Amino acid sequence: MPDASDAAIRALGRGPTDSKQIEALKVVAQRNRPPGYLDVVTPLRLRYEGLGLADAEAEKRRRFPETHEQLPTVVLDTIKQVAKTDAQAYRSPPTRTGVDDDAKTEALAELVAEVQIDQRLLSATRRAQAAGSVWVKPQWDPSRGRPVVDVRWPDQVLWHCQPGLPASADSLILVIASASAPDSDADPEEEFFELWHRSAEIGEDGMPVFGRWRAEIVGTETGSRPLYGDGEYPLERCPWVPLIDDDDASTLSPHPGHALLQWARNAEVIWLNVLARDDFHGSPATYFFGQGTDALRDQPITVGPGRGIILPPEVQQQTEAPEVSTVGLDIASAYARYMAAQRRQSPSAYDTETGAPESGTARRIANREQDAASEERRAELAAWEASYLLPVLAEVSDYWGETSFGEVAFGVEFPPTDDYSDPQADFELVDGYKARGYISQARAAVMLGLYPDEATAEAEMPGAAAEGEPEGEIPGLLDALAEGE
């Protein structure tokens, strides 16, 4: 039998949403989150935002229940640093086009530059790397007269999809997001939510038929007010676009796992232990031993300038300081390399110390898995942008702005990843081939990237055309090794 929460969804659109109904809707949407979701995602968000002190102190109390007050507190920005390292796609922005339409490609370039979409998506992908997903919302900003792109953490947004359909932006029927107060004189204790919803019915062909999106601001005390006109959103697409980091996820709220959060906590405990040993080393302990020590139990001992400790002759004293050990830091380094492997990064991705320079070949080998993961992620992001984000952004810009994209198809292509080539090593290799007669001067110039092809090189390089064909071929690997290459 359907409960009150399910009835709340069916009642949407029949009138203003009240606080009791919004609570029932939240119950429905919270079912889409895996168990323990907020216990991980919210600490990840707070740590990313630089608010990890409370979580660090709670972990210290858990690990050292008897002595936590005497121990230092360590807070590291591990979450943000890892996310910055992992999210590399938008460091080299993609090329975006209105497929087969040069005018719309030019208009799109102007729009994404105005919106600063690459910077916003760099931030979005970093947060998604940390929390497993984020929500990206293109919307019109009347004060700026242009679209803006808002990025929200997944613990700030609840959602629900049409039952029986795969969870995706296409099947959404409900979005609930935390919102700021619509008026400056609102009660600071009152909570507000942005509520988006649409109806869905199954047509005669068995396919769902969706209604128009409606949008409201709902206060827990003051009730509901429409966001647009009478409440109906004037555009076809919902502006709330989920970005999922896990391509295997069957939900819009994949659990990010416990590994990253616990690593951040463990790294802080390792440093805490190192600092605590150092503190104790600076405050050595004094031990009294001998036959007369019982007499000291009730005797006050005063120390300070001009004062000394007077002991019976049969009592001896010894001062000791614990040895300061850096073994914990070695453990932290090994832990970081293990986490790099788990997150498909190069082994040294999270190292805090700069290592010795590596050759291009060594870097290619070390970064092989990282490069593969990067290529996969770029392909996913290109498809996501073209299918979801850019159509929403264009629709918003068309309606409130001065563009006219219409139903144009978009194309997104990221540049290739770096090949870690070493210019000096490349020159020495090509120069060696040239000296042995394996390649011509023109071909050498092309291999070094000086000319696009040999014909151009021969035309522009003095003497290259008269040089003639080389006598040999570039040796294979075994031949090169035999010659000591």
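It should be emphasised that the depicted structure is a prediction, and the values quoted were computed from it without experimental measurement. Below, all heavy atoms of this structure are taken into account, side chains as well, without hydrogens, waters or symmetry copies. FYI, the numbering just counts along the sequence from 1.
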So, taking the atom named [atom1] in [X] and the one named [atom2] in [Y], what distance separates them when rounded to the nearest 0.5 Å?
X      : Y      : atom1 : atom2 : value
Tyr233 : Trp196 : OH    : CH2   : 5.0 Å
Arg146 : Ser397 : CZ    : OG    : 11.0 Å
Leu252 : Ile244 : CG    : CD1   : 5.0 Å

Any salt bridge linking [X] with [Y]? Criterion: basic side-chain nitrogen under 4.0 Å from a carboxylate oxygen.
X      : Y      : answer
Glu407 : Arg237 : yes
Glu23  : Lys26  : yes
Lys84  : Asp77  : no
Glu380 : Arg377 : yes
Glu59  : Arg62  : yes
Arg344 : Asp86  : no
Glu194 : Arg152 : no

Restricting to non-hydrogen atoms, name the atom on [X] and the atom on [Y] that form the minimum distance, rounded to 0.1 Å.
X      : Y      : answer
Val408 : Val99  : CG2-N, 4.4 Å
Leu44  : Ala131 : CD1-CA, 4.4 Å
Gln139 : Val396 : C-CG1, 3.9 Å
Asp398 : Gly406 : OD2-N, 2.9 Å
Pro94  : Arg96  : CG-NH2, 3.5 Å
Val241 : Trp384 : CG1-NE1, 3.5 Å

What side-chain donor-acceptor pairs closer than 3.5 Å can you find for residues 386-394, not counting sequence neighbours?
from: Ser387; atom 1: OG; to: Ala383; atom 2: O; distance (Å): 3.0
from: Tyr388; atom 1: OH; to: Asp170; atom 2: OD2; distance (Å): 2.9

Side chains of [X] and [Y] in contact at under 4.5 Å (non-hydrogen atoms):
X      : Y      : answer
Leu111 : Phe405 : yes
Pro242 : Trp159 : no
Val134 : Thr125 : no
Leu235 : Trp140 : no
Asn32  : Leu158 : no
Lys60  : Pro72  : no

Where does the angle between the aromatic ring planes of [X] and [Y] fall among parallel (under 30°), tilted (30 to 60°) and perpendicular (over 60°)?
X      : Y      : value
Phe414 : Tyr90  : perpendicular
Trp153 : Tyr48  : perpendicular
Tyr37  : His255 : perpendicular

Thr97 side-chain N/O to Thr105 backbone N/O, donor-acceptor pair under 3.5 Å: no

Backbone of Asp230 reached by a side-chain donor or acceptor of Arg214 within 3.5 Å: yes

OH/Tyr338: more than 12 non-hydrogen atoms of other groups inside 6.0 Å: no

Neighbour count >12 (heavy atoms, 6.0 Å) for atom CD, Glu57: yes

Ser374 versus Gln88, side-chain donor and acceptor atoms under 3.5 Å: no

Distance-only polar pair, side chains of Thr222 and Glu190, donor-acceptor under 3.5 Å: yes

Residue pair Glu189, Glu221: steps toward the side chain to side chain contact (heavy atoms under 4.5 Å, CB included) verdict: CA-CA 10 Å; Glu189 299 298 321; Glu221 302 295 333; over 6 Å; no

Check against side-chain hydrogen bond (donor to acceptor under 3.5 Å, both in side chains), His197 and Glu216: CA-CA 9 Å; His197 56 90; Glu216 311 168 48; 2.9 Å; yes

Residues Val40, Gln262; criterion side chain to side chain contact (heavy atoms under 4.5 Å, CB included); working and verdict: CA-CA 9 Å; Val40 176; Gln262 200 56 49; over 6 Å; no

Derivation and outcome, side chain to side chain contact (heavy atoms under 4.5 Å, CB included), residues Thr78 and Arg47: CA-CA 8 Å; Thr78 303; Arg47 283 177 169 274; over 6 Å; no

